[in-house]
Amino acid sequence: MMSKPDLIVIGGGLAGSEAAWQAAQRGLRVQLFEMRPTVSTGAHRTSDLAELVCSNSLGSNLPDRASGILKNELRRLGSLLMECAETAVLPAGAALAVDREIFSRLVTERLSVHPCIEIVREEVTDIPVGSTIIASGPLTSKRLSQTIVALTGEEHLHFYDAIAPIVSANSINMEIAYRASRYGSREVGVGDYINCPFTEDEYDVFVEALLSAERIKLLSFEAEIELGVKAGEHKFFEACLPVEIIAQRGRQALTFGPMRPAGLTNPRTGRWPYALVQLRQDNLAGSLYNLVGFQTNLTYAEQKRVFHMIPGLEQAEFIRYGQMHRNTFIAAPKTLLPTLQFRTRTDLFFAGQITGVEGYMGNIATGLLAGMNAARFLEGQQPLTLPKTTMLGALCHYITHADLMDFQPMKANFGVLPPLDINRRMDKSERSCLFAERAQASLESFLVEMSAL
Ligand SMILES: Cc1cc2nc3c(=O)[nH]c(=O)nc-3n(C[C@H](O)[C@H](O)[C@H](O)COP(=O)(O)OP(=O)(O)OC[C@H]3O[C@@H](n4cnc5c(N)ncnc54)[C@H](O)[C@@H]3O)c2cc1C
């Protein structure tokens, strides 16, 4: 075993592998702990590092898509996993899909032969003393989770996602939907929530569609979700059931739950509607809204079909679909800095899904930043906070500044970026190109500034 490594990385998944590589490339002696194959997560199938647990697609490769912007940033910053993905690439149109076996094997080989990296196949149960990156993922082992609870406090470690879908604000039809807060001002167009009103007939058709829609089959390690287990501070699954489960309880059940219309007068009729779906602002820029209480286990295709039946959301652009699955993540808005350092112990970094970033690319990207920053920290340099106009900077900003009450994992999307400073109407593709150009330019000038230091 390496005596006195400079840095310990816990978890040889997407984030941990990238983090270990980045730190080792900067001369640090890194010990990378991976518990597989001795201890299984229930989702991984192999003992390879950087195993892709589900889809083999790393998302869009188009330079003007959110995921494409992140990929270009990773290329520019010298990501090992991007390089391996591009070697293991498969034909998949505009997406970057990979041969999962070749991809993980390449990552494993590159890390195994690196002179500064030692891979240790052991479960870590305590957080080590000294510089450490925790990248143990959404399925962090039970014993390590308990140690993280001791560090963060029980209320700051979540074990399940109950994610409600998110739509982009400019795709909501405000000719049908209306602004109002429950029992709030009677003034038309005033209120924090956007409300999508249903007539009784519309409601009946919607509930019927909800009940008959296809659901995602729960995996064995997710079975607890149906038991009403504790899911974070003040959250029990019994208290945030999927909408389709509430709908099963009776025809009107939803009108007493997430679709309750009381106190939300529709200015067009002067009355409360029969039922409604409320949308709550999801980001500071006001460009994203989530469907309040609409956590769900329907397949994405069925969510697209059924939720487009909501009056006012017929043409809505879904930025994220709802989900319920096991997912260990810390309350980053309370515990992390945008450099991915733990607030009260700055030699400790978090990376990957455990930070509250979602999706393969985001997890690789936070691994990259944590590895770079751990090296800078150990060299006595200031860890980097990337510009918020880059996709990676925006994600790190989002997870560390989001509203703690509703904090749920977030993947790369345009809604986390600051709005463009342009006051004229633009179509979606022009807007996306401008976001991409701005992200690239700000990363370039940031790197120039850094090299001048
Ligand atoms: C079932 C499932 C399916 C998913 N599907 C997708 C998808 O299709 N597309 C997508 O973009 N995202 C998906 N995600 C979300 C996420 O992108 C992936 O989970 C991703 O692999 C997370 O990267 P990570 O590096 O944070 O964690 P992981 O890649 O899971 O890596 C964490 C590693 O830490 C190890 N570990 C855990 N505890 C310990 C310990 N105590 N000691 C040592 N090692 C430990 C684990 O064995 C694992 O190898 C999915 C998540 C889950 C749970």
| message | As a quick check of understanding, evaluate side chain to side chain contact (heavy atoms under 4.5 Å, CB included) for Leu279 and Leu291, giving each step before the final call. | response | CA-CA 5 Å; Leu279 307 178; Leu291 278 65; 3.6 Å; yes

If you round to the nearest 0.5 Å, how far is [atom2] of [Y] from [atom1] of [X]?
| X | Y | atom1 | atom2 | result |
| --- | --- | --- | --- | --- |
| Met361 | Leu395 | CE | CG | 11.0 Å |
| Leu14 | Leu49 | CG | CG | 10.5 Å |
| Cys84 | Trp21 | SG | CH2 | 8.0 Å |
| Gln295 | Gln408 | CD | CD | 8.5 Å |
| Asp64 | Arg431 | CG | CZ | 11.5 Å |
| Leu392 | Leu77 | CG | CG | 7.5 Å |

Has the side chain of [X] got a donor or acceptor atom that lies under 3.5 Å from a matching backbone atom of [Y]?
| X | Y | value |
| --- | --- | --- |
| Arg100 | Leu52 | yes |
| Gln440 | Arg438 | no |
| Asn413 | Ile319 | no |
| Ser104 | Ala50 | yes |
| Ser181 | Asp192 | yes |
| Arg268 | Glu175 | yes |
| His397 | Gly393 | no |
| Gln22 | Leu369 | no |
| Tyr289 | Gln278 | no |

Parallel, tilted or perpendicular: ring planes of [X] versus [Y], cut at 30 and 60 degrees:
| X | Y | result |
| --- | --- | --- |
| Phe350 | Phe342 | tilted |
| His308 | Phe318 | perpendicular |
| Phe198 | Phe206 | tilted |

Any side-chain donor paired with an acceptor under 3.5 Å for [X] and [Y]?
| X | Y | answer |
| --- | --- | --- |
| Ser432 | Lys428 | no |
| Glu302 | Tyr321 | no |
| Glu244 | Thr296 | yes |
| Thr46 | Glu51 | yes |
| Ser442 | Thr389 | yes |

Under a 4.5 Å cut-off applied to non-hydrogen side-chain atoms, are [X] and [Y] in contact?
| X | Y | value |
| --- | --- | --- |
| Val167 | Ile172 | yes |
| Thr366 | Leu340 | yes |
| Ile399 | Phe329 | no |
| Asn195 | Val277 | no |
| Leu336 | Gln341 | no |
| Asn266 | Trp272 | no |
| Tyr193 | Arg179 | no |
| Ser141 | Met35 | yes |

Identify the two heavy atoms, one from [X] and one from [Y], that lie closest to each other, and give their separation to 0.1 Å.
| X | Y | answer |
| --- | --- | --- |
| Leu264 | Ala180 | CD2-O, 3.7 Å |
| Leu298 | Arg215 | CD2-CG, 3.9 Å |
| Ile69 | Met391 | CG2-CB, 3.8 Å |
| Pro273 | Pro197 | CB-CB, 3.7 Å |
| Ile354 | Ser136 | CD1-OG, 3.8 Å |
| Leu417 | Ala394 | CD2-CB, 3.7 Å |

| query | Where do Met426 and Leu434 land on the side chain to side chain contact (heavy atoms under 4.5 Å, CB included) test, with the steps shown first? | reply | CA-CA 10 Å; Met426 276 175 279; Leu434 290 171; 3.4 Å; yes

| query | When you check the gap from the basic side-chain N to the acidic O, do Glu200 and Arg251 get nearer than 4.0 Å? | reply |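 Answer for the salt bridge query: yes.
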
| message | Using a strict threshold of under 4.0 Å (side-chain N to carboxylate O), is an ion pair present between Arg424 and Glu430? | response |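 Yes.
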
| request: Apply the test side chain to side chain contact (heavy atoms under 4.5 Å, CB included) to residues Thr132 and Ile10: give CA-CA distance (whole Å), side-chain angles for both, the deciding distance (0.1 Å), then the verdict. | output: CA-CA 8 Å; Thr132 302; Ile10 307 174; 4.0 Å; yes

| message | side chain to side chain donor-acceptor pair (under 3.5 Å) for Glu214 and Thr299? Distances and angles first, verdict last. | response | CA-CA 6 Å; Glu214 191 190 339; Thr299 63; 4.6 Å; no

| is_close_aromatic(Phe307, Phe294), centroid dist under 6.0 Å |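 Close enough - the centres of the two rings lie under 6.0 Å apart.
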
Counting only heavy atoms from other residues, nucleotides and ligands, does the tally under 6.0 Å from [atom1] of [X] exceed 12?
| X | atom1 | value |
| --- | --- | --- |
| Asp427 | CG | yes |
| Arg305 | CZ | yes |
| Glu101 | CD | no |
| Glu202 | CD | yes |

| task | Take Arg320 and Glu358, measure what salt bridge (Lys or Arg N to Asp or Glu O under 4.0 Å) needs, and give me the verdict at the end. | result | CA-CA 11 Å; Arg320 182 180 80 184; Glu358 172 98 352; over 6 Å; no

| field | Sequence-distant partners of Pro138, side-chain contact (heavy atoms from CB on, under 4.5 Å), two or more places apart | value |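 For Pro138, the residues satisfying side-chain contact (heavy atoms from CB on, under 4.5 Å) (neighbours in sequence not counted) are Asn327, Gln353.
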
| said: Please list all pairs meeting side chain to side chain donor-acceptor pair (under 3.5 Å) that have one or both residues in residues 72-81, counting only residues at least two apart or in different chains. | reply: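 Matches after skipping sequence neighbours: Glu18-Ser79, Asn61-Arg75, Asn72-Arg75, Arg75-Glu86, Arg76-Glu444.
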
| field | Worked verdict on Leu384 versus Gln382 for side chain to side chain contact (heavy atoms under 4.5 Å, CB included) | value | CA-CA 6 Å; Leu384 303 176; Gln382 185 66 29; over 6 Å; no

